Amino acid sequence: MDAHEVNRARAKLALFVADVFASVPRKDQRAKSDCYLRGLMVDGRRKSIQAMAERLPDGNEQNLQQFVNQSTWDPMPVQRRIARRMVPRIGPDAWAVDDVSFPKDGRMSVAVAHQYCGALGKQANCQVAVSVHAVSDTASCPLQWRLFVPREWADDPVRRRKTVIPEEIGHREKWRLALDTIDELAGWGLVPPVVVADAGYGQNADFRDGLEHRSIDYVVAIRSDVTVHPHDALPTAPAWSGNGRKPQPRYRDRPSAVAALADDHGRGAFTEVTWREGSRGPMCSRFLALRVRPAGVRSRRLAQAAATDPGSWDGVLPEVTLLAEWPDGAEAPTGYWLSSLPEDTPLTELVRLAKIRWRIEHDYRELKHGLGLDHFEGRSWTGWHHHVTLVTAAHAFLTEQRLAPKADTADSPSTRSSTPSRTC
């Protein structure tokens with residue numbers, strides 16, 4: 001938005017700030033949040049505090065620095081209000097679990113480490129945050145964030161003290177952070193219709209099991225080397241001789257990699273599906289849905305632990321749907337998902353949910369490049385969470401304006417399609 005557009009929206013922004021930041025105790029702090037949001041939304045290459053303060057007529061760099069980095073206002077009630085306000089406005093078809101990386105120099109920014117950086121596509125010095133988004137085909141909004149604390153930070157008292165990491169915060173795997181976030185949102189009265197995630201989460205049997213224990217359905221991407229048994233495969237146990245421990249029932253045939261299983265069905269078994277309208281026409285590809293039982297040591301142990309009597313478990317692994325994609329022109333299937341939705345879920349709905357993550361990938365461009373999600377230059381735990389909360393608020397405000405009945409969203413940067421699938 002340019003300065004004139006921001007000024008025209010100031011009355012609406014003031015009402016938004018009064019609601020979302022009502023938990024912030026001081027009037028001057030609420031005024032600074034209004035100023036910070038305007039700084040994030042006004043056009044400009046960098047959204048550092050110094051750069052924003054220079055663009056705003058009422059910008060004061062020292063005041064904004066103190067508000068974000070040292071002030072003690074609690075970002076959690078603000079995030080809760082944003083989530084409760086935005087979920088009914090978006091009417092999400094799913095919640096998307098994702099993570100985002102922030103390249104950094106040096107080693108003193110909170111939770112920075114040499115790790116895989118999605119923003120650069122390689123191992124690099126960066127921060128990583130896990131996020132959960134409410135998503136539909138027309139809009140999305142981050143509902144919560146968790147900053148991933150690498151193991152090397154867990155026992156580094158010097159860096160923890162300098163970046164003010166709370167004592168109770170330690171290293172926790174990203175999939176656990178995602179489930180923690182979903183639990184917290186449930187405490188706010190928000191429950192997902194279905195969870196979608198990329199293979200970094202979908203590949204993890206513990207993550208899928210955690211969703212099942214919470215009675216949450218999922219459609220999650222997996223890698224091509226995940227192994228499964230056909231749905232009609234049955235475990236058997238050899239006859240017991242009467243001596244020693246009774247043999248446990250097991251699947252006697254080796255499981256197949258999902259890539260091999262889908263390829264064995266042949267291109268003719270795949271059905272063309274159109275899942276949404278893109279900017280250049282309908283988005284379509286060819287898909288196949290199969291009922292399978294995920295294999296592997298971890299899947300087996302989780303299934304046995306979930307049995308009423310693990311000691312007499314019948315060895316049957318849970319059944320889910322495998323969704324595979326074989327685009328025209330490809331020599332073999334290229335994408336795979338597992339879904340816990342009911343067996344009679346239409347193929348078109350499975351595909352739509354599997355593909356709906358395009359929405360948050362699109363909106364991340366606005367969050368990062370338009371609103372400065374990754375432009376924060378502070379180092380502290382408090383400052384990072386304040387900044388991310390303020391960026392989320394700015395994105396929520398803009399999303400509300402786009403969803404308004406009179407809003408012209410055709411040219412919005414977060415509504416243009418970038419999905420590479422072909423158009424029909």
Side-chain angles (χ1 to χ4, degrees), residues 76 78-100 118 128-148 172-204 206-222 275-276 320-321 323 337-342 345 349-364 366-367 373 388-389 391-393 395-396 399-400 403 414-415 419:
M76 194 63 68
V78 177
Q79 294 171 5
R80 181 170 61 242
R81 182 58 196 136
I82 293 172
R84 287 177 171 172
R85 178 176 173 127
M86 294 305 296
V87 166
R89 282 167 168 76
I90 291 174
D93 298 302
W95 286 7
V97 171
D98 204 0
D99 52 58
V100 60
V128 176
V130 175
S131 55
V132 174
H133 307 245
V135 57
S136 72
D137 281 326
T138 56
S140 75
C141 179
L143 301 178
Q144 250 292 19
W145 302 84
R146 287 283 195 283
L147 184 60
F148 172 69
R172 197 159 172 79
E173 297 93 333
K174 294 170 192 174
W175 67 269
R176 293 187 191 276
L177 292 177
L179 293 177
D180 292 345
T181 303
I182 290 171
D183 289 341
E184 182 162 37
L185 290 166
W188 298 352
L190 302 174
V191 180
V194 61
V195 164
V196 298
D198 65 18
Y201 296 89
Q203 190 81 10
N204 191 304
D206 288 279
F207 176 70
R208 301 194 306 268
D209 182 70
L211 293 175
E212 290 168 0
H213 276 288
R214 291 162 173 79
S215 299
I216 297 172
D217 282 318
Y218 56 80
V219 180
V220 293
I222 56 171
W275 64 89
R276 70 177 177 87
V320 296
T321 297
L323 179 68
W337 297 262
L338 291 179
S339 169
S340 66
L341 289 167
T345 302
E349 180 65 6
L350 281 177
V351 172
R352 190 177 72 86
L353 290 170
K355 293 289 189 176
I356 204 168
R357 288 187 63 258
W358 75 272
R359 181 75 240 180
I360 63 165
E361 292 170 357
H362 229 258
D363 284 358
Y364 260 135
E366 180 176 70
L367 284 162
L373 179 64
V388 167
T389 300
V391 171
T392 302
H395 181 263
T399 299
E400 282 193 354
L403 292 175
S414 64
T415 57
T419 305

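These numbers come from the heavy atoms of this one structure, side chains and all, not from hydrogens, waters or symmetry mates. When a residue number appears, it is its place in the shown sequence, counting from 1. Predicted model, so just to flag it, every value in this text is computed and none were measured.
- Atoms CG and CG, on Leu323 and Leu350 in that order, are 6.0 Å from each other to the nearest 0.5 Å.
- Here the shortest heavy-atom pairing between Arg208 and Gly202 reads NH1-O, 2.7 Å.
- When all heavy atoms are compared, the tightest approach of Leu177 to Leu147 is CD1-O, 4.3 Å.
- Counting only N and O atoms by type, the side chains of Thr392 and Trp145 include a donor and acceptor under 3.5 Å apart.
- The closest side-chain heavy-atom distance from Leu211 to Ile182 is below 4.5 Å.
- Considering only residues two or more places apart in sequence or on other chains, Gln203 meets the side-chain hydrogen bond (donor to acceptor under 3.5 Å, both in side chains) condition with none of them.
- Under the side-chain contact (heavy atoms from CB on, under 4.5 Å) criterion, Asp183 pairs with Arg214, not counting sequence neighbours.
- Residues satisfying the side-chain contact (heavy atoms from CB on, under 4.5 Å) criterion with Ser340, sequence neighbours excluded, are Asp217, Tyr218.
- For the pair Asp137 and Trp358, the tightest heavy-atom approach, listed with the atom from each and the gap, is O-CZ2, 3.4 Å.
- Here CG of Asp363 is found 6.0 Å from OG1 of Thr399. Values are rounded to the nearest 0.5 Å.
- In this structure, the salt bridge (charged side-chain N to carboxylate O under 4.0 Å, His left out) partners of Glu173, at least two apart in sequence or on a different chain, are Arg176.
- Interatomic distance, CD of Glu361 versus CD1 of Ile356, reported as 12.0 Å (0.5 Å rounding).
- A side-chain donor from one of Ser131 and Tyr364 sits under 3.5 Å from a side-chain acceptor of the other.
- Take Thr389 and apply the side-chain hydrogen bond (donor to acceptor under 3.5 Å, both in side chains) test, not counting sequence neighbours, and it matches Gln79.
- With a 4.5 Å cut-off on side-chain heavy atoms, Val97 and Val196 do not count as touching.
- Partners of Pro92 according to the side-chain contact (heavy atoms from CB on, under 4.5 Å) rule, which considers only residues two or more places apart in sequence or in another chain, are Val87, Ile90, Trp95, Ala134.
- Using a 4.5 Å heavy-atom cutoff, the side chains of Leu353 and Val194 are in contact.
- To the nearest 0.5 Å, the span separating OG1 on Thr181 from CZ on Arg146 amounts to 4.0 Å.
- For Arg81 and Trp188, the positive end is not near the middle of the six-membered ring at less than 6.0 Å and at most 45° from its axis.
- Ser339 places none of its side-chain heavy atoms less than 4.5 Å from the side chain of Val320.
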>> Determine whether Arg276 and Lys355 satisfy the following criterion, side chain to side chain contact (heavy atoms under 4.5 Å, CB included), listing intermediate values before the conclusion.
In response: CA-CA 9 Å; Arg276 70 177 177 87; Lys355 293 289 189 176; over 6 Å; no
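- We find the CD1-CG distance between Ile216 and Leu179 to be 8.0 Å, quoted to the nearest 0.5 Å.
- Taking all atoms of both residues into account, the shortest heavy-atom contact from Ala178 to Tyr201 is CB-CE2, 4.2 Å.
- Partners of Thr321 according to the side-chain hydrogen bond (donor to acceptor under 3.5 Å, both in side chains) rule, which considers only residues two or more places apart in sequence or in another chain, are Arg291.
- Applying the salt bridge (charged side-chain N to carboxylate O under 4.0 Å, His left out) rule to Asp198 yields the partners Arg357; only residues at least two apart in sequence or on another chain are considered.
- Residues passing the side-chain contact (heavy atoms from CB on, under 4.5 Å) test with Asn204 are Trp175, Asp206, Phe207, sequence neighbours excluded.
- Using a cutoff of 4.0 Å between basic side-chain nitrogens and carboxylate oxygens, Arg172 and Asp180 are scored as salt-bridged.
- Just one residue in the list Leu367, Val132, Val388, Leu373 forms a side chain to side chain contact (heavy atoms under 4.5 Å, CB included) with Pro142, and that residue is Leu367.
- Residue pairs meeting the side chain to side chain donor-acceptor pair (under 3.5 Å) criterion with at least one partner in residues 84-93, sequence neighbours excluded, are Asp19-Arg85, Arg85-Glu400, Arg89-Glu400, Asp93-Arg352.
- For the atom pair NZ of Lys174 and CZ of Phe148, the computed distance is 5.0 Å after rounding to the nearest 0.5 Å.
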